[in-house]
Amino acid sequence: MTVALDNLGSLVDPLAHREPVAIDGLSDVATLRWFRSMLTVRLAEEAIAGMVESGEARCPCHLGIGQEAVAVGLAEHLRPTDRCFGAHRSHSHYLALGGSLKELVAEVLGKVTGCSRGYGGSMHLRAPQVGLLGTVPIVGATVPIATGAALAAKLDGRGDIAVSFLGDGATEEGVFHESLNLAASMSLPVLFVIENNLYSSHLHISLRQPNDRVARFAEAHAIETAVLDGNDIGIVSSVTGEVVEGMRSQPRPFLIEAVTYRWRGHVGHREDMDVGVERTDNLPAWKMRDPIGRLEVSMNERGLQEQIATIRDSVAEEVVEALEFARSSEYPPLDDLLTTVYSNSERP
Amino acid sequence: MTVALDNLGSLVDPLAHREPVAIDGLSDVATLRWFRSMLTVRLAEEAIAGMVESGEARCPCHLGIGQEAVAVGLAEHLRPTDRCFGAHRSHSHYLALGGSLKELVAEVLGKVTGCSRGYGGSMHLRAPQVGLLGTVPIVGATVPIATGAALAAKLDGRGDIAVSFLGDGATEEGVFHESLNLAASMSLPVLFVIENNLYSSHLHISLRQPNDRVARFAEAHAIETAVLDGNDIGIVSSVTGEVVEGMRSQPRPFLIEAVTYRWRGHVGHREDMDVGVERTDNLPAWKMRDPIGRLEVSMNERGLQEQIATIRDSVAEEVVEALEFARSSEYPPLDDLLTTVYSNSERP
Amino acid sequence: MTSVQYGDAIREGFQYLLGTDPSVVVIGQGLWSPWYVGNTMRDLEHKFGKDRVIDTPVSELACTGAAIGAAMSGYRPIVTHPRVDFALLAIDQMVNQAAKWNSMFGGQAPVPVVFRLIVNRGGEQGAQHSQSLYSWFAHIPGLRVVTPATPADARDLLIAATFSDDPVVYIDDRWLYDLDADIGVPAPVDLSKIEPQVLRQGSDITLVGFSWTTRLMTQAADQLALDGVDAEVIDLRVLNPLHLEKVFASVAKTGRLVVAEGDWSSCGVAAEVICQCVTELGPASFSSAPARINLAQSPAPTSRPLEASYYPTVDDVVRAARASCDANPKTEAVAQ
Amino acid sequence: MTSVQYGDAIREGFQYLLGTDPSVVVIGQGLWSPWYVGNTMRDLEHKFGKDRVIDTPVSELACTGAAIGAAMSGYRPIVTHPRVDFALLAIDQMVNQAAKWNSMFGGQAPVPVVFRLIVNRGGEQGAQHSQSLYSWFAHIPGLRVVTPATPADARDLLIAATFSDDPVVYIDDRWLYDLDADIGVPAPVDLSKIEPQVLRQGSDITLVGFSWTTRLMTQAADQLALDGVDAEVIDLRVLNPLHLEKVFASVAKTGRLVVAEGDWSSCGVAAEVICQCVTELGPASFSSAPARINLAQSPAPTSRPLEASYYPTVDDVVRAARASCDANPKTEAVAQ
Ligand SMILES: Cc1ncc(C[n+]2csc(CCOP(=O)(O)OP(=O)(O)O)c2C)c(N)n1
Ligand SMILES: Cc1ncc(C[n+]2csc(CCOP(=O)(O)OP(=O)(O)O)c2C)c(N)n1
Ligand SMILES: [Mg+2]
Ligand SMILES: [Mg+2]
């Protein structure tokens with residue numbers, strides 16, 4: 001009759017889990033790849049933050065700075081025939097999967113060279129060639145869509161999986177639970193990846209849910225779960241690698257709860273405000289759990305300083321090039337508007 | 001990482017749980033009241049079944065024959081200022097709470113003397129004077145409504161509670177889970193009463209969910225639960241009595257999962273068909289777990305045969321009178337149609 | 001040509017689709033039960049397997065989203081809601097997601113899904129088991145909406161909808177399931193080429209219907225003919241995108257228009273048809289005021305006599321058509 | 001009289017309601033954040049307590065249902081959806097439940113709830129953060145729909161909506177939040193008595209708007225006046241039940257009509273207004289074809305230049321009004 005539920009415990013303590021990423025046994029190449037990929041997300045988003053601040057980027061931008069390890073750690077286990085879906089905060093998903101940086105920045109600026117031809121902005125990203133079938137800002141919307149993509153993958157029978165990236169807030173939408181049940185009762189190979197950053201806009205999870213560990217919802221649907229430190233790319237990668245392999249050989253759902261933290265406000269570039277509400281959280285402490293910093297410490301220990309510096313320069317240059325590309329691109333032609341509604345270009 | 005979930009075990013075994021209801025320590029009066037109330041539901045529904053079969057009743061009728069103990073066992077702990085809500089199969093909720101039998105039958109026949117003035121039929125019952133604020137057939141719809149009635153009760157601060165009657169199928173609607181979360185995070189005094197009859201129309205729960213014990217959803221929301229034999233009115237009454245008392249003194253949600261079984265098809269009078277699909281279940285065995293029969297055995301042991309016979313006659317007569325009342329009533333006047341849309345009788 | 005009922009014709013459409021295209025899957029609540037889908041899916045789950053004809057938990061939103069996800073992954077799913085009313089739980093996926101997906105991604109992301117919604121009303125089912133809401137879907141750019149009125153269309157527009165690369169709302173009506181007609185063999189057609197159909201030529205007045213009201217219009221035309229009124233009957237077939245050229249041509253000829261819609265009047269399809277005729281043709285093309293016929297402006301009641309008064313009848317159409325023909329507004333116009 | 005902006009006027013309405021009636025509670029996602037609700041709720045949670053001004057989990061359907069349940073239990077809840085788009089997840093509760101509840105129970109079960117939906121678009125937010133869907137709600141009997149266009153209405157119709165015993169959809173528009181006007185003290189009015197308002201008298205043409213397009217109409221009228229066109233501007237205010245007597249009277253006088261709606265055309269409110277004017281007044285009352293102005297018939301794009309071309313402008317209205325005034329259909333009618 002009584003309910004004893006685990007909560008996230010030390011995983012939400014910014015003073016804990018600051019240890020460097022364990023890279024023993026991992027090749028330099030693999031380590032550097034992680035670093036490069038996370039840094040690409042970080043620097044791209046910092047550049048976008050700058051454009052938001054200056055007013056150059058006008059669409060709503062939700063930055064995942066601080067959360068890079070989740071998508072990057074998973075992405076290396078995925079293949080282009082997998083089907084991934086995100087939401088409003090999906091720059092990291094897009095870039096980690098290998099979406100074009102230039103097309104991302106162009107999209108943010110509303111240019112026709114953007115990944116969505118300038119029709120979507122930051123909240124609507126797509127890169128089907130690398131398996132990202134769409135990210136949209138209605139909270140929870142892509143969860144059942146990913147579940148259906150998993151149904152397709154299961155019917156295809158080629159071991160592909162679907163991935164649904166979502167936040168802790170999205171677990172409050174009923175459709176998330178409906179999707180868990182569909183996936184469980186039909187044994188669909190969909191990986192629910194929850195980036196639990198403890199916030200839904202301005203509201204801490206304690207104001208919205210009776211317990212901060214959202215993996216409990218999957219358990220109630222008899223779905224296997226792993227709850228982990230989402231700021232440790234070593235853990236993310238090793239756990240998701242095993243999970244994805246298992247799902248490919250025996251189609252079934254799985255839920256990863258990756259505990260992480262966003263550094264910027266819910267939307268926009270600021271660190272001191274969430275949707276107009278002043279932040280009172282302990283951001284400085286969380287910054288000590290920086291997923292990139294924790295990897296860098298290990299890399300430094302291994303003596304990769306030089307390579308790190310090279311990557312830094314190279315990524316920074318890529319970002320500069322992407323901005324130039326985006327800025328010099330055109331806006332979509334006006335008469336396109338009515339021919340993008342239907343697939344045959346028929347005007348409504 | 002692995003999931004070990006209890007299931008309903010012997011509670012779904014029609015060969016188990018056939019023991020007579022334990023009435024030691026219970027007064028004759030109380031026992032007879034249970035019997036009378038359950039029998040009223042049973043005979044009323046059998047009469048309605050007859051009218052469906054003959055074509056006299058035309059609205060869709062979902063009969064709860066076999067499930068009477070749940071509503072009856074709970075109802076005695078409720079008061080008119082509580083707020084109860086049901087769904088498509090709610091004759092038992094209406095009658096157990098004390099709704100007028102005459103008005104029920106009149107409503108089923110679409111007469112203006114019906115509890116909903118002939119505007120609702122079997123699927124839309126209401127008896128606010130006894131705390132039933134509405135039953136409607138959109139699956140899951142009244143679950144958040146009851147949750148909001150609990151919010152009102154909490155704001156009122158008078159110890160009233162809300163009751164949401166729902167089925168196992170309704171737990172597949174996302175809004176059920178959203179409501180659990182609202183109730184848990186706001187500590188709302190809403191009692192979710194799930195009559196788990198193992199079916200949603202023609203589909204057994206094993207075809208729809210990975211586990212047959214739906215209380216697991218409440219547990220995931222840190223809501224206390226009780227899972228019990230819904231065909232044993234003694235158990236239903238003693239458990240719900242304690243639960244309701246606790247909720248009145250300290251507002252919080254609770255979920256009762258009462259395992260039971262419906263004898264008739266999903267809709268209509270037949271025992272051999274569910275929504276056009278032939279039944280292959282073991283109904284004869286389930287009939288041995290008859291909630292009324294199991295009480296009657298105990299009552300016979302106590303020597304209440306004579307009182308039982310009297311009640312039988314009296315309830316049968318009430319049903320006959322209700323049918324006469326309904327048949328001799330008028331249909332609603334035609335020009336009412338447009339004046340029932342808005343509360344001030346304004347025509348749309 | 002063989003005579004086939006509307007309900008069976010839908011089943012023929014499903015059989016054709018499942019039999020000829022392995023990417024077609026059907027998913028929805030009640031697919032294995034005649035209570036929910038009538039005879040339109042009879043035995044298909046046995047014939048084509050329960051992994052292609054999927055009966056589901058009671059989760060309208062997730063099932064609809066799942067169909068959309070499968071549509072993005074190489075399949076042509078048809079998701080069925082056995083009542084339009086239940087589909088209201090799935091509106092986000094239909095309207096916020098599917099309808100906008102291609103446009104949101106710059107015209108590069110088609111979603112070939114069919115939302116089959118069944119209008120199932122009458123029989124004292126009441127307010128939550130009665131809706132059609134055609135105009136809601138007709139209002140949304142990005143959706144195609146088809147409302148078959150005949151057995152041939154019931155089958156062929158289902159096939160066309162499934163082979164369309166856009167999200168299509170296909171609305172069939174249980175009241176038409178016993179309507180029969182001779183139909184040929186299925187021949188795939190391009191949905192975007194489907195236009196309204198003139199079912200009866202006439203010169204005195206234009207009667208426009210769709211889905212169930214087309215039947216009303218045809219019956220009313222027969223009755224009007226007895227009185228010497230020669231009505232032209234047009235079945236709209238596709239409500240979105242709405243192509244009214246044939247209706248314009250007809251009204252330009254007859255100068256009189258009655259539109260019937262099995263739904264509420266306010267902001268409905270009939271309002272749209274009348275508005276377009278007036279704005280396109282100009283008021284001077286009308287010999288009398290156009291008229292529309294709709295449901296009573298209330299939720300559906302249950303009680304039998306109320307139900308009878310709630311739904312429009314052939315007589316209502318005949319009356320409106322007669323009133324239109326009796327009026328002589330050209331004189332009024334001069335008088336004004 | 002003090003000058004108050006539309007956004008602040010809404011806040012005044014809430015303050016009045018929460019301050020005068022203990023049964024009023026406000027519930028919705030984002031109530032404590034200006035990103036979601038602008039300045040319309042500023043500090044109210046501190047002033048009246050977080051148990052009466054409730055920010056919620058991201059659960060649109062349950063929160064809406066909860067407001068309905070509270071409304072059945074003696075409260076007058078206002079549930080807020082910070083974007084109309086999000087409310088699409090709550091359609092079942094709004095349309096299947098609240099709108100039908102009183103009728104389903106024979107007129108004995110009123111549901112005094114307000115659904116406050118905010119139109120929040122532009123700013124490159126895109127297709128899922130742009131919708132208004134006025135006509136959807138105007139289509140549903142049982143709902144009342146109010147769309148304030150002025151600061152006074154923003155406040156007073158919120159109060160009237162809350163004191164109405166029916167479910168009311170109150171739609172405010174972020175684009176109007178900085179509109180200011182002198183308004184008096186709040187005086188409760190009976191929502192069912194609210195009629196369209198003539199904001200400017202004129203004799204040449206009738207311009208009908210609501211919510212944001214009323215502003216367009218007023219500005220267009222000023223511009224037309226410079227050219228000697230004397231436009232009458234009418235703000236609809238309430239879309240359901242729609243009372244058009246004042247519009248009929250105006251069109252009977254001017255013979256010309258342009259309706260503007262910040263939404264798609266097909267089956268929209270403008271279609272309804274034009275349809276009613278034609279069916280009620282007859283085509284002969286029109287000196288030229290009525291016209292409507294709507295959004296481009298596509299999902300909202302993000303890119304700035306596309307956005308600019310997507311939304312109607314004052315110039316669009318002026319152009320349509322001029323075209324109407326230049327036409328001379330009476331001659332055409334004779335010619336036909
Ligand atoms: C259906 C819907 N409701 C509300 C919103 C507003 N909204 C945008 S993001 C967000 C918070 C989501 O939180 P979470 O899922 O934890 O993701 P995070 O922002 O933390 O990445 C909300 C409420 C929305 N976009 N869609
Ligand atoms: C939203 C919605 N979807 C589907 C239906 C059709 N339907 C009516 S009752 C029912 C089964 C519900 O099962 P359960 O909740 O277990 O209740 P039971 O019938 O067993 O009492 C279904 C699917 C409906 N009425 N509403
Ligand atoms: Mg979050
Ligand atoms: Mg059941």
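In the text below, chain A, chain B and the rest are named by the order of the sequence lines, each starting its count at 1.
The greatest number of non-hydrogen atom pairs below 4.5 Å with chain A, out of D:Gln125, D:Gln297, D:Gln128, D:Glu307, is found for D:Gln128. Comparing A:Asp274, A:Ile205, A:Val136, A:Thr340 by heavy-atom pairs within less than 4.5 Å of chain D, the highest count is held by A:Val136. Of the listed residues (A:Pro137, A:Ser200, A:Pro332, A:Ala170), the one with the most heavy-atom contacts under 4.5 Å to chain D is A:Pro137. Your options are D:Gly126, D:Gly30, D:Pro301, D:Pro305, and the one with the most heavy-atom pairs under 4.5 Å with chain A is D:Pro305. Annotation: maximal heavy-atom pairing with chain D below 4.5 Å, among A:Arg117, A:Met123, A:Arg347, occurs at A:Met123. Put simply, of A:Val341, A:Val277, A:Leu334, A:Asp336, the one with the most heavy-atom pairs under 4.5 Å next to chain D is A:Leu334. Interface summary for chain D: among A:Leu207, A:Ile138, A:Leu109, the most heavy-atom pairs under 4.5 angstrom belong to A:Ile138. Your options are D:Arg304, D:Arg83, D:His129, D:Gln29, and the one with the most heavy-atom pairs under 4.5 Å with chain A is D:Arg304.
The main-chain N or O of A:Val275 is found under 3.5 Å from a side-chain atom of D:Ser33 such that the two form a donor-acceptor pair. Remark: the backbone N or O of D:Ser59 is not paired with any side-chain donor or acceptor of A:Glu173 at under 3.5 angstrom. Side-chain N or O atoms of D:Thr302 include one that pairs as donor or acceptor with a backbone N or O of A:Tyr119 at under 3.5 Å.
Across all non-hydrogen atoms, the minimal contact from A:Pro60 to D:Gly123 is CD-O, 3.8 Å.
Proximity to chain D (any heavy atom under 4.5 Å) is shown, for A:Leu337, by both the backbone and the side chain. Both the backbone and the side chain of D:Glu60 have a heavy atom closer than 4.5 Å to some heavy atom of chain A. Neither the backbone nor the side chain of A:Val175 comes within less than 4.5 Å of any heavy atom of chain D. There is no contact between D:Trp264 and chain A, counting heavy-atom distances below 4.5 Å. When heavy atoms are compared at a cutoff of 4.5 Å, D:Leu306 approaches chain A by way of both its backbone and its side chain. Only the backbone of D:Thr56 comes within contact range of chain A, judged by heavy atoms closer than 4.5 Å. The part of D:Leu89 that comes within reach of chain A is its side chain, from C-beta onward, which places non-hydrogen atoms under 4.5 angstrom from that chain.
Ring-plane geometry between A:His202 and D:Tyr36 is classed as tilted, the angle between the planes lying from 30 to 60 degrees on a 0 to 90 degree scale.
Counting heavy atoms of neighbouring residues, nucleotides and ligands inside a 6.0 Å radius, atom NZ of D:Lys47 does not exceed 12 of them. Environment of CD in A:Glu56: crowded, with over 12 heavy atoms of neighbouring residues, nucleotides or ligands closer than 6.0 Å.
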Problem - Test side chain to side chain contact (heavy atoms under 4.5 Å, CB included) applied to D:Phe86 and A:Val139, step by step - result: CA-CA 9 Å; D:Phe86 304 165; A:Val139 167; over 6 Å; no
